[in-house]
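These notes concern the structure reproduced below.
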Amino acid sequence: MTDLELNSGKKVRIESVTMQGITKRFPGVLANDRVDFDVKASEVHALLGENGAGKSTLMKILYGLYHQDSGEIYINDELVKINSPTDAINLGIGMIHQHFMLVPTLTVTENVALGLPSSRGPLTDLDRVSKRILELADLYGLRIDPNAYIWQLSVGQQQRVEIIKALYRGADLLILDEPTAVLTPQEVDELFGIMRQMVNDGFGLIFISHKLHEVIEISHRVTVLRNGKKVGTRPTSEVDKSELAKWMVGHAIDFITTTDQIQCGEVRLKLENVSCESDRGAKGLKDINLELCSGEILGLAGVSGNGQRDLAEVIVGLRKVSSGKIFLEDEDITGADVDVLIKKMLSYIPEERMRDGMIKDFTVAENLILREHDQPKYSDNGFLKLKSIENHAKELIKLFQIKTPSHKTMAKSLSGGNIQKIVLARELSRKPRTIIAAQPTRGLDIGAAEYVREQLIIQRNNGTAVLLISEDLDEIFALSDRIAVIYEGKIMGILSREDATKEKIGLLMAGVLPAEQA
Amino acid sequence: MKKTKIILIFALMLMLIFTACAQQTPVEEPDVEEPSSEEPVEEPEEIEKLSIAIVSPSSINDFAFTQSIYDAMLALQEEYGEDTIEFVYSENMFIVDDAAAAIRDYAASGYDLVIAHGSQYGSSLQEIAPDFPEVSFAWGTTVDTFGQDNIFAYEAASDEGGYVNGVMAAMLTESKVIGVVGPVETGDAKLYVDGFVEGVKATDPEIEVLVTYINNFSDVALAAETAETQIAAGADVMTGTAQMVVGAIGKIQENGGYWFGTQADQANFAPDTVVASQVYHWEVILKEIIELRSQGILGGRSFVANLANGGEVMAFNPEIEIPDDVKAAADQTIAEIKAGGVSESPEIEPLDIAIVSPSSINDFAFTQSIYDAMLALQDEYGEDTINFVYSENMFIVDDAAAAIRDYAASGYNMVIAHGSQYGSSLQEIAPDFPEVSFAWGTTVDTFGQDNIYAYEAASHEGGYVNGVMAAMLTESKVIGVVGPVETGDAKLYVDGFVAGVKATDPDIEVLVTYINNFSDVALAAETAETQIAAGADVMTGTAQMVVGAIGKIQENGGYWFGTQADQADFAPDTVVASQVYHWEVILKEMIGLRSEGTLGGQSFVANLANGGQVMAFNPNIDIPEEVMEAAQATIQGIIDGTITIELP
Amino acid sequence: MKSRLNAILDALLPLFATLAALLVGAIMLIILDVNPLVAYGALLNGAFGSSNALAETLVKATPLLLVGLGICIAYRGNVINIGGEGQMIVGAIVATWFGLRYTNMPGWLMITLAMMLGALAGAVWGGIPGVLKAYFNVNEILSTVMMNAIAVQLLNFVLTGPMIDPIQSEKASQIPQTARLEEAYRLPRLVPTRLHLGALIAVGLAILVYFLLWRTTLGYRIRSVGQNKFASRYAGIKVERYIIIALMLSGALAGLAGVTQVYGVNFRMITDGSTSGFTGRAGYNGIVAALFGSLHPIITIPASILFGALLVGANTMQRVTQVPSALITALNGLVVVFVVSSEIWRKKRQQKRLTIAIEDQEFDEFSNEIPGHSVEEAS
Amino acid sequence: MISDLFSLTVLLGIISSGIRLATPYLFASIGEAFSQRSGVLNLGVEGQMILGAFTAFYVVMNTENLLLGVLAAMGVGALMGLAMGFVSITLQAQQGISGIGFYLFGLGMSNLLFQLLVGTVETVSGFPKVPLPILSDIPVIGELFFDHNILVYLAFLIVPIASFVLNKTNLGLKIRSVGENPEAADSLGVSVSKVRYFTTIFGGAMSGLSGASLSIALLNVFQLGMTAGQGFIAVALVYFGAWRPWGVLAGALLFSLVNGLQLWIQVLGINIPSEFAVMMPYILTIFVLTLSRSKYGAPSALTKPFEREG
């Protein structure tokens, strides 16, 4: 048996991987239904599909984290059995998970060395590992400090650690599970550069995404999954965006943008020379001055980790201001508590919704009143009004099309997209006067993302002030009336949409001021 | 060794349970409850003709074990007639395999009853008996019928005759040294010797009893040699068991001493030497067996030959003139044994006593003291009279209350609440059970209720004595005290101790540390270390965690004074003296009152004067004479009231 | 129908686990030469065999339930309160002091005030670890363990000194106990046994705690803080405050348990120098009872009774069979281990039911929304 | 009187008390630190300790072989650890509570076996003091630090070893990662349950050793319930030490030194009620931790069972 040879550690370079008729059933859910998929050396094969389409499941089977109920996997046309990640690693398969599989309290080197035999027997050989990391980093342009702790790294850097981990283990087939979902445009470009170089070196890459333009940009072939079934496989050169979208969603989609220009109203939110400290060595904010008017969407562009999060938190009262003043509707709210600001109809869609925006072990209904649970509408002298909470939930479930068995279901048992919908439904349904929306479409599939954008535009048209923090420049350009750029905690400039070009914004995001641009 | 045994027994028990489960289901157990001796059989009843076979390990005229069964057969024949009782025997069957073959052979050839007269034959019998369901087997000397309904078991309470012999021997010896020659320390022989020794000691504890087991049943020369040795060591009266003792009898005869026999009447052998013999009359047992058989019961019961049922008889040698007082004592002892107790204690009704106590019965301290007292009571009155149960580790007052109530409700005559914290509960419970006596310790409060006794120990008295001795023994003039929580009995003892020290030498520094914990042995040890570092060379302490402290003072070569239990066993080279509680003294008073109809309402104090507290001096330690004298003087002073203890 | 059966099976799970543990215990009993049937018969009889036995079981269950309710609250707030023993003690000390200090009050008034004071004292004792955790990041397991040790020394101190029964202080033996509360101050008995009003109060509080946790904003916030600190802060909840409140409520209920032990059972405080002499280990056993009850205040009621029955019955068993009490302790340990271990079956089945429920729902929706498979053919 | 506290004798006395008292804590806490670093909270330390103490005592009493006693105690502790591991890793039971169960079981069993097999309190000859050559001749310090029995040295030696294992070996790397992010470790082929089984078994063995250090090295005696809650303190010290061996050492020494101090306070007759003296180590431990504001958090996956989905 050749698979014996493969499993016994005799490394064969992967020329092709073929998955045939893969079926995987979870209790009650058919996650993969007779899916065929293959990838060859020196190509990027994109796996496209909406959330819950079965992309990740299929790849976890390939990586040995799940076991298929039926179906076979062949490497170089030989049948293999992959029972665990160890098997996959030994076969030369590496996986970059959507949620990084890194131990935050360990260094880069330690994370890479974890689980590997050491040349020094029971002792770690971290020096050797870190030397090799630097070699690999050099080879593929993955700049990284081997001695840094993971928690000190940006998301993009963490992803590089993940790639290095796979490369270090001698992977020549790499599965990238939604690698761009958490990256800035620049980081995406960098990643694509790395991917291209790897393809040139003979790697096979599986690129999972639901972002059409990225798929078109990077992949050689694309396979679309929907509802656990394969819709089809095509060479990327033969398909276009709208066709793929139709495959994915099952019906055609119109991409929306704001076209009309609405007159700015009164100033809803004003920041005067606001500075703050940040967590764990990040930069914080320095002398931010910003005005947000009613009836406008102010897009805040910037590379991840340049203070966007701190800015949002300072405004909504989650972070202390070290100097400067913040006014909401002309009232000084510097240092005000979160609950006070909630009552002033300030809505906040946090960036990390799973962590900050909802409570997994609460029911859908309870999550839908998270920020308003003590408002008279839902509570009366400290007692919850269960009936009106229930009605509220039922209403929003219908309105925002949240897929849940009932309002009493625990949020944790819903899919990621639906959990996001709960947060959005809660924040947008309360007729806010000001909205801070941090990466509101991140992690959503096309349909849902368009829906959210639509909602933001409706809010703006109704006179709400919207601060849209996004690292997706397309989104910024599609929605914003004005665009501000943040870099290292400072506002580099604010441009109207007419004046803004991707080039100008891009340079500001890189920290280059207009004066220098010339 | 003992512990390994227990483990083995556990394993065995498990196996036994499984085998028992496997076997017991089909077999109907014969009803053992039926009284086996409804009436003494005077007139032999008419029975069917019976053929009996005996298999026994030694010779029928061994003057001992085998002869006893042979004689019994002759007696039976005499009673029922030779026509009715027909018997054969295989003697000297010391090889168990041969004996098994013999037993099987007899059974197969139609004998009605096969007597396997040797405890070593048991396992053979267990195999053979089921094959011959029509045949009765009898196995001696043991009590085990293997649950088979065609095996009878029989044994002798040879300790009874041994005791009688012992009493007489004690009175006859002039040298105060008695010799005993035994074969192997087991079974019937051990039982006899132990009973003998007990009888001697009960009569005169000063007498030295030399017991030698020669680990052999037949080496007459060795038995003779043993007797010589004992005689040389001063023995003038001797006894012994098994067939080889004839050698010993010869020697004591040569030396003009006395011999006490067992198993067979040995007077014929040495008429001028053998004073009395315990003789087995197995025919008493065999008659019962025969009768049962005639009723169709083939086995499944066990019998004990003893003085009361005539299976054992004391045969006094008429050739020897036994002094009247000796004879009288012997008769009295026999009568007492027959009546069911050798004790001189007053007759009391059987009592069910329950103890509830806060720590474990082997805590080496407070709870153990009451448990030991109960054992002493049982020893004295007999287990039939004093039946006791206990609930230990009742540190939760509430649980203790439940236990007390439960015992009272389930018919116990006396419930002892051995913990001062139980008082409050007792006060509530007692009125609900006016027929039950309660005892509450350690306190003096009966709550004015007439069914509560209160008892406490004047532990400051022993503390004071310890203190006096400690003050005299310390060289560094620093004494350490480790206490648990500053309250109750512990506080009383410590205060008494300090008073004793100060009364002897006011300059001595006494370091008292309460660690506020009853179980932290390590902290007690560390406290001791600290006090030793601060100069203490003599220490005391109370409660169970002090074992840690004792270890430390021992390491440092100092002295320790104990309380609550005799701690000398624990550190023989360190513990000078211990104050020991003898609650049985108090309990006996209560029991006595109860038998007179007084159920409570009195309080008692165990103290040095009434023997409820005893100072146990460690014989292993050479206590300087002046210290010993001071201690005795102090005890005397406390008892007669010339010393009063000033407590803070 | 099926879901009800499932619910019943879930509720009986601890019972099955207990039986399994007793089965292991049977082997030990056999080794000790005790007939397990006789022993367990005695256990059952001791726990439920008569009205008195039943009453004892309920008396035992009362502090377990009260402490357990506190554990339910603390656990929902994601704080682990191992300090029930200490909180019971200080609650009882304060309430007892009050009851002895002020005489000639109407009974109901004194009982009410004493309970409030005891609860308050427990709340303070629980609040200290709360403050330390919320503002100084001191782990509450460490601080509550330490607070227990401090409380017991406090108990030893007051019962041998300031609060000792005046009668005792004059005697040489000096039993460390307070004077008895006057007759009028005692919790009324429900039936002619030791069963007192405290049991009813505890059940009432269980319902109250249920309402508190799921029907009030306070409960909502405690649960929110317990589940997700970040989201709670985002929801405008002052996380530190609710950590403290959760521990204080937990402490208050434990304090109350201490009060009922004094006012309902013993009418005075007595110590043997360790925590458990007064509390009867209820501070620890309450945690077990709460977990038997899946940290749900209502289910904690039968769970406390089950555990109380086990403790009471086991004592009876020891009395009847005369096995060493150490066996009982070991047996209790086995029961606890078996019951927590059995939880996995409940979890597994719940998971299964949940996914089935979602599947049904989702497939219905999908079949409505998705227009056939035409696209697939297009490729 | 208080000035007496600052004399050399007292100072030395406190330090030597501290060293001895810390010994059992060190063993048990280091073991517990390992199991907590891998994500398993074992509250059954007390039960493992006392059963270990009994086992060591019983074996030494019968065989007089000290090494065998130590090994047997560790074996029994390891067995308890294995059971704890099975319950909390394989059956995913609530760790805190199953720990309490194992505590009760250990307490009961040790008591039961003691009653059946030994019956009364006895001493054994345990590990003798081994003065270290040369070092023990140093005045003052020599006696203080280099004249103890071998288990005391071992307890202190184990701290750097444990620190080294955690930080410098593959095993340590696995333990740390499994306790922080078991999913990540799993994805790299590290068996989460194997690592956790290892640490709980190791932790149990160390608790057993801790018990042995009491019964055959420091005290040479077994008495019912003799661990007296030390197992729980040992768990608390792990939190104090922020899951780091050196931190555990600091906690154990602090607690034990203050305990030694309070004993001296009583011995010197400084006039405070003994109850308050006994409280001191507890209060001070909380106090120090309050002021020090540890920057380290608990292992993220502590008490959380791991199960790969699907």
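Convention: sequence-line order gives letters A, B, ...; per-chain numbering from 1. Fair warning: this is a prediction, and the values are worked out from it, not measured in the lab.
One finds the OG1 atom of Thr124(A) at 11.0 Å from the CG atom of Leu171(D) (value rounded to the nearest 0.5 Å). Atom-to-atom distance recorded for Lys168(D):NZ and Leu126(A):CG is 7.5 Å, nearest 0.5 angstrom. If you take CG on Leu188(D) and CE on Met101(A), they are separated by 9.0 Å, rounding to the nearest 0.5 Å.
The two atoms that bring Leu123(A) and Phe164(D) nearest to each other are CD2-CE2, 3.4 Å, heavy atoms only. Nearest approach of Val103(A) to Arg176(D), heavy atoms of both residues: CG1-O, 4.5 Å. In terms of heavy-atom proximity, Glu110(A) sits nearest to Asn167(D) at OE2-O, 4.4 Å. Nearest heavy-atom pair, Ser187(D) versus Pro85(A), reported as atom, atom and distance to 0.1 Å: O-CB, 3.3 Å.
For chain D, the nearby part of His97(A) is the side chain; its heavy atoms alone come within less than 4.5 Å. Only the backbone of Leu102(A) comes within less than 4.5 Å of a heavy atom in chain D; its side chain stays farther off. Proximity to chain D (any heavy atom under 4.5 Å) is shown, for Ala31(A), by neither the backbone nor the side chain. For Asp125(A), no part lies under 4.5 angstrom from a heavy atom of chain D.
Taking chain D as the reference chain and counting heavy-atom pairs below 4.5 Å, the highest number among Thr57(A), Leu114(A), Thr86(A) is found for Leu114(A). Of all the listed residues (Gly179(D), Ala184(D), Gly189(D)), the one sharing the greatest number of non-hydrogen pairs under 4.5 Å with chain A is Ala184(D).
For NE2 of His67(A), the number of neighbouring non-hydrogen atoms (other residues, nucleotides, ligands) closer than 6.0 Å is greater than 12. In the displayed structure, Phe146(D) atom CZ is contacted under 6.0 Å by more than 12 heavy atoms of other residues, nucleotides or ligands. The 12-atom threshold is not exceeded at CZ of Arg34(A), counting heavy atoms of other residues, nucleotides or ligands nearer than 6.0 Å.
Of the candidates Pro122(A), Ser118(A), Pro117(A), Ser118(A) is the only one forming a side chain to side chain contact (heavy atoms under 4.5 Å, CB included) with Asn170(D).
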